Colleague: 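Just dropping this structure here.
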Amino acid sequence: MVFFFSLIYGHGETICSVGPTISTTTGSLFFPTLNGSSYQVTSIASQQQTFVIRPSSFIPGTCITADIASEGVWLNQSLPFNIAAGNNIFYLNCTNALLNSPLNCSSSSLCHTYENASSEAASCRNAGICCSFTSGSSASNYTIRVRPTGCRAYRTFVVGTDTSLPLAQWQEGLVIQWQSPPELQCRSQADCDSAVASSTCSTDPASSAGVRRCFCNVDFLWDPFTGTCTKSPRFTTPRPTANRGQVQWRRTQSRDASPD
């Protein structure tokens, strides 16, 4: 099966696939992160370019998540993935150092609601302080950090979770979003001719390092899902008009078409 969020990215002359992989032993889909941890993918929303991963489990009988060895969730910032804004994140079993953070570590923090209602978090009720926050700041775009000198455990609930409902109705998970990959890098037109038809190798105006990419030719659009240039839906083949006998482009309807 081809997974639609498996992105093709160009790194110099290398084209590699990045994203979740299938476990050969269980057949489940896992998202690998830095420091050696990987997390099971539980759902995918292709139109929103997001997927949900299951957070690490607790070490039995403790308020410590099993991924403390890798210091929690660390995404590679050179890849097109980041933690989506709006996730509800609880840090558990934290030291007093967190009291100086901008997180909500008060007695009214939602993390207490989770600790008191969750059987799996029973060991957390008397284990240090807990704090909560909603992802969205630059500091939380790529990392949920756990460590002995900070917080030893965490729990995450997906974007849109209604925390006014009973805990059993909260959806556990962490929403990861991916960015559409840019056009492939090139050194010469020959690179584009062999990799991306109907494209021209030219300098990327968004690059300060003079990177060159295979930009689609006029009337073609970049398709990040297939890594190809496809014919723009705005125009059809030129046809002569009935009255003037002159060749004109006939415009077809398109969602992103601007009014004339």
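Model, not experiment: these values are computed from the prediction.
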Colleague: Check whether any side-chain N or O of T230 sits under 3.5 Å from a backbone N or O of D223 as a donor-acceptor pair, and report yes or no.
Modeller: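 No; zero donor-acceptor contacts below 3.5 Å.
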
Colleague: Can you list the residues that meet the salt bridge (charged side-chain N to carboxylate O under 4.0 Å, His left out) rule with D193, with sequence neighbours excluded?
Modeller: none

Colleague: Can a side-chain donor-acceptor contact be found between T200 and Q189 if the only test is distance below 3.5 angstrom?
Modeller: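 No, no side-chain donor-acceptor pair sits under 3.5 Å.
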
Colleague: Using a 3.5 Å cut-off and no angle test, enumerate the donor-acceptor pairs between side-chain atoms of residues 83-94 and protein atoms at least two apart in sequence or in another chain.
Modeller:
| residue | atom | partner | partner atom | Å |
| --- | --- | --- | --- | --- |
| N87 | OD1 | V175 | N | 2.9 |
| N87 | ND2 | A84 | O | 2.8 |
| N87 | ND2 | V175 | O | 3.3 |
| Y91 | OH | R145 | N | 3.1 |
| N93 | ND2 | C63 | O | 3.0 |

Colleague: What do you reckon, are the aromatic ring centroids of F30 and Y39 less than 6.0 Å apart?
Modeller: no

Colleague: Does the pair C130/C111 show an SG-SG distance of less than 2.5 angstrom?
Modeller: yes

Colleague: Counting only N and O atoms by type, is there a donor-acceptor contact under 3.5 Å from the side chain of Q49 to the main-chain atoms of W178?
Modeller: yes

Colleague: Determine which pairs satisfy salt bridge (Lys or Arg N to Asp or Glu O under 4.0 Å) with at least one residue from residues 154-182, sequence neighbours left out, and list them in order.
Modeller: E120-R155, R155-E172

Colleague: Has H112 got a side-chain atom pairing as donor or acceptor with R125's backbone, closer than 3.5 angstrom?
Modeller: no

Colleague: Who else is in W74's hydrophobic cluster (ILVMFWY, side-chain heavy atoms under 4.5 Å, direct or via others)?
Modeller: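 Its cluster mates, by chain and number, are L34.
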
Colleague: Distance-only, no hydrogens or angles: does the R213 side chain make a donor-acceptor pair with backbone N or O of E183 under 3.5 Å?
Modeller: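 Yes; judged by distance alone, with no hydrogens or angles, the pair exists.
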
Colleague: Any pair with a residue in residues 81-108 that passes salt bridge (Lys or Arg N to Asp or Glu O under 4.0 Å), sequence neighbours left out, goes on the list, sorted by first then second residue, please.
Modeller: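 Passing the test, one end in residues 81-108: no pairs.
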
Colleague: Side chains of S37 and D67: any donor to acceptor distance under 3.5 Å?
Modeller: no

Colleague: Pairing donors with acceptors under 3.5 angstrom, does anything connect the side chains of S106 and S108?
Modeller: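 Yes, because at least one side-chain N or O of S106 sits under 3.5 Å from a partner of the opposite role on S108.
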
Colleague: What's the verdict on side chain to side chain contact (heavy atoms under 4.5 Å, CB included) for T95 and T149, showing C-alpha distance, side-chain angles and the deciding distance?
Modeller: CA-CA 7 Å; T95 64; T149 56; 5.8 Å; no

Colleague: Just checking, any donor-acceptor pair under 3.5 angstrom between side chains of T226 and T228?
Modeller: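 Judged by distance alone, the side chains do pair up.
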
Colleague: Could you check whether any side-chain N or O of D191 sits under 3.5 Å from a backbone N or O of S188, counting only pairs where one atom can act as donor and the other as acceptor?
Modeller: yes

Colleague: Any chance the SGs on C214 and C186 are under 2.5 Å from each other?
Modeller: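 No, the SG atoms are not under 2.5 Å apart.
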
Colleague: L167 vs S118, test: side chain to side chain contact (heavy atoms under 4.5 Å, CB included). Steps then yes/no.
Modeller: CA-CA 8 Å; L167 179 63; S118 171; 3.6 Å; yes

Colleague: Please enumerate all residues that pass ring pair (Phe, Tyr, Trp, His ring centres under 6.0 Å) together with W170, with sequence neighbours excluded.
Modeller: F157

Colleague: Just checking, is any N or O donor in the side chain of T62 or S123 under 3.5 Å from an acceptor N or O on the other one?
Modeller: no

Colleague: Measure across C151 and L98 and return the closest heavy-atom pair with its distance rounded to 0.1 Å.
Modeller: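 Reported closest heavy-atom pair: SG-CG, 3.5 Å.
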
Colleague: Okay, side chain of S199, backbone of V196: is any donor-acceptor separation there less than 3.5 Å?
Modeller: yes

